[in-house]
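The shown structure was predicted, so the numbers you read here are calculated from the model rather than taken from an experiment. All values below come from the heavy atoms of this structure, side chains included, with hydrogens, waters and symmetry mates left out.
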Amino acid sequence: MKDKILVIGVIFLLLSAAFGNVADPGQASGAQDSPASPQISNMASASATFEDAAEGGLLPLSWKKYDGSEKVRVLEDGLKQTERIVKEKALRRGDGSRENKIVIYTRKNDTDFLYTALVQDHLVYDLGKAAGYHYDQDDAVTVGNIMLFGKKVVKIQGAVGAAASMTHYIKLQDGEPVQLMVIDEGYASEMDVDHDGLPEVIVSSGTIPHTSVYRWQDGHIERSNLNEALRAEAVSITEEGAVLAAFGKDQSLVKLYWLKKDGLQEFSQYASDEYYSDRFVTIPYTSEEVQHIREQADGAGVFDPYVPRKGVATDYGMTAEQEKAGVLKLTYPHFAVWQSSTDLRQREEGNGASGEKWYFPDFTAEWIGLPDSEAGGTWYITRGSTHISISTAKSVSKEQLLFAAASLVPLDELKLSDGQYE
């Protein structure tokens, strides 16, 4: 009897070990699930890493104070050390009485860098290195006035490599120039990445992108490295304004996040071949479908229709119809888009009140409904003369729905799956 118990125990241990090793926790799932599920392979699993601890909630970011603000010195000899002037750019008057200009120039006996200075009346302020010496083409060094962190700022950006640049943000304080920020870690651009209506500075560097965000908070600049926060191999910002993180040395798992004031909100994940496919997350359109959408839009009086380029997992078709007078409806497997020449909020009832707004370069998205992302509600958008709403009856979160809304493009600018423009 004891021998039988021992044998059974050994068999049990062997079976447990075998079944415990069937699934590789680091292997993302394929696209084999039923298309009826809005998650499809969004359930792709990764190894138990730090980023998973915040799944379903906000992943807090680590912000470090950045103190790059400093006054610049006056060049006592002015521009006498100049070998040649590469570019001059007059600036708008700051205080109404003095004309300023930015000068990009080479220095004698220096063939490594271009330099920049601000000329104000008889004073010349040294702003330091502006670009690599061989990047002396006019379009390789740009100068312009922008609004950043609520301040009027002069931005000077010059190339130092094929995919790298040096960026100065200069402000005038009491009539004198002050270096607000000097960024030389990668390519810097201004973007409202948290969609609150005010731009941050986004810096990306490397062929496997590393991305940092600089923002203004409580009277100072602070910086967060998104790769470190997510422990991701590569992090970039998508065309839709979402944060894309790729995990693993082969970057086989892709996760999408919205950056909010309090952290990163994950809303979807895919195997990389699914996300980058032109027929899965990217919605494929045929020329026949485009023609049908145009005909239905004309019939509904929607003369500038829009279509989403990204969805949840849309490797299958869509339909277009005039749902009622003056309303075009586009139906996809996991959501629907309504369009009209009049405000759709006047036509649709029972949405409740929320007022949550997200700001994008070309539009503002407003959520009307319950605040819970899994509860019912609708995103409302106005693009030109076209009023748009997007909602779903399926278990698609409002964050995922917002991603589809952010991918809307004019039908006339749609690129078909065969690479042609309609």
Side-chain angles (χ1 to χ4, degrees), residues 61 63-70 87 89 91-92 94 100 102 104 116 118 127-131 135 138-161 163-173 177-206 209-227 229 235-245 257-261 263-264 357-365 402 406-407:
L61 294 176
W63 294 93
K64 296 179 180 179
K65 187 175 181 179
Y66 174 86
D67 188 9
S69 179
E70 60 181 23
K87 183 175 186 175
K89 174 72 173 182
L91 303 176
R92 295 196 298 267
N100 305 321
I102 296 293
I104 309 297
T116 181
L118 184 144
L127 302 180
K129 299 171 183 176
Y135 292 92
D138 184 65
D139 60 351
V141 183
T142 60
V143 180
N145 295 92
I146 65 171
M147 288 296 296
L148 182 65
F149 305 146
K151 310 173 191 302
K152 293 181 179 179
V153 172
V154 178
K155 178 184 179 182
I156 306 167
Q157 188 168 61
V160 293
S165 64
M166 182 176 294
T167 308
H168 297 254
Y169 295 96
I170 312 295
K171 68 173 182 176
L172 291 179
Q173 184 171 297
V178 174
Q179 295 267 24
L180 185 64
M181 286 197 300
V182 180
I183 296 175
D184 60 2
E185 64 175 296
Y187 183 80
S189 60
E190 302 76 44
M191 179 181 182
D192 182 12
V193 72
D194 62 3
H195 305 284
D196 66 347
L198 298 174
E200 291 74 41
V201 173
I202 309 300
V203 182
S204 292
S205 61
H210 283 242
T211 300
S212 297
V213 179
Y214 293 77
R215 72 178 185 183
W216 185 263
Q217 187 75 8
D218 299 329
H220 64 268
I221 299 171
E222 54 187 23
R223 173 183 180 271
S224 182
N225 184 302
L226 299 185
N227 292 68
V235 177
S236 58
I237 309 298
T238 72
E239 292 180 351
E240 297 77 24
V243 175
L244 184 152
Y257 302 81
W258 289 117
L259 195 152
K260 300 182 178 181
K261 282 290 185 184
L264 289 163
K357 293 184 178 181
W358 285 63
Y359 297 89
F360 293 83
D362 299 321
F363 66 93
T364 299
L402 180 63
S407 75

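Listed by chain and number, the residues in a salt bridge (Lys or Arg N to Asp or Glu O under 4.0 Å) with Asp192 amount to none (sequence neighbours excluded). Partners of Thr211 according to the side chain to side chain donor-acceptor pair (under 3.5 Å) rule, which considers only residues two or more places apart in sequence or in another chain, are Ser204. Residues passing the side chain to side chain contact (heavy atoms under 4.5 Å, CB included) test with Ala159, sequence neighbours excluded: Tyr135. Annotation: side chain to side chain contact (heavy atoms under 4.5 Å, CB included) contacts of Lys129 (sequence neighbours excluded): Phe113, Tyr115, Met166. Remark: Lys155 engages Glu190 in a salt bridge (Lys or Arg N to Asp or Glu O under 4.0 Å) (not counting sequence neighbours). Residues satisfying the ring-ring contact (aromatic ring centres under 6.0 Å, His included) test with Tyr214, not counting sequence neighbours, are Tyr66. By the side chain to side chain donor-acceptor pair (under 3.5 Å) test, Gln173 pairs with Lys171, sequence neighbours left out. Applying the salt bridge (Lys or Arg N to Asp or Glu O under 4.0 Å) criterion to Asp184, with sequence neighbours excluded, gives no partner residue. By the side chain to side chain contact (heavy atoms under 4.5 Å, CB included) test, Thr364 pairs with Lys357, Tyr359, sequence neighbours left out. Residues meeting the ring-ring contact (aromatic ring centres under 6.0 Å, His included) test with His195, sequence neighbours left out: Trp258, Trp358, Phe360. For Lys89, there are no salt bridge (Lys or Arg N to Asp or Glu O under 4.0 Å) partners at least two apart in sequence or on another chain. Scored by the side chain to side chain contact (heavy atoms under 4.5 Å, CB included) test, Lys87 finds Ile104, Asp138 as partners (sequence neighbours excluded).
Between Arg215 and Glu222 a salt bridge is recorded (basic side-chain N to carboxylate O distance below 4.0 Å). A salt bridge is absent between Arg223 and Glu200: the closest approach of a Lys/Arg side-chain nitrogen to an acidic carboxylate oxygen does not fall below 4.0 angstrom.
To the nearest 0.5 Å, atom CG of residue Leu127 and atom CD1 of residue Ile170 are 4.5 Å apart. Here the CG atom belonging to Asp194 is positioned 6.0 Å from the CG atom belonging to Leu259, to the nearest 0.5 angstrom.
Checked by atom type and distance alone, the side chain of Thr238 pairs as donor or acceptor with a backbone atom of Glu240 at under 3.5 Å. The main-chain N or O of Ala188 is found under 3.5 Å from a side-chain atom of Gln157 such that the two form a donor-acceptor pair. No donor-acceptor distance shorter than 3.5 angstrom exists from the side chain of Asp67 to the backbone of Ile221, with no hydrogens or angles considered.
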Given side-chain contact (heavy atoms from CB on, under 4.5 Å), test Ile202 with Tyr187 step by step and report yes or no.
CA-CA 8 Å; Ile202 309 300; Tyr187 183 80; over 6 Å; no

